[in-house]
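Working notes for the structure below.
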Amino acid sequence: MRGPRTDKTAQVIIAGHAFMQNLRRGHYELAIDTPPTVRVAAAFTELAQAI
């Protein structure tokens, strides 16, 4: 069987996908001043520095 085996796994995948889409569209204050083509990479750099 391929794909998520439990509802919890599916929930994690869906939440991660929604986070990435919202991040890419600029709905968060992370990397808001960068162009959309590099926004995800810049946001993860900011997140890594914050942690």
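Just so you know, these numbers use all the heavy atoms, side chains as well, and skip hydrogens, waters and symmetry mates.
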Apply side chain to side chain donor-acceptor pair (under 3.5 Å) to T9 and list each qualifying residue two or more places apart in sequence or on a separate chain.
T6
Show the atom names and distances, to 0.1 Å, of all donor-acceptor pairs under 3.5 Å that link a side chain in residues 23-35 to residues at least two apart or in another chain.
| residue | atom | partner | partner atom | Å |
| --- | --- | --- | --- | --- |
| R25 | NH2 | Q21 | OE1 | 3.3 |
| T34 | OG1 | A31 | O | 2.7 |

Are I14 and M20 grouped together when hydrophobic residues (ILVMFWY) are joined by side-chain heavy atoms under 4.5 angstrom apart?
no
Could you grab the distance from atom CG of N22 to atom NE2 of H17, nearest 0.5 Å is fine?
10.0 Å
Among the clusters formed by ILVMFWY side chains lying less than 4.5 Å apart, do V38 and F44 turn up in the same one?
no
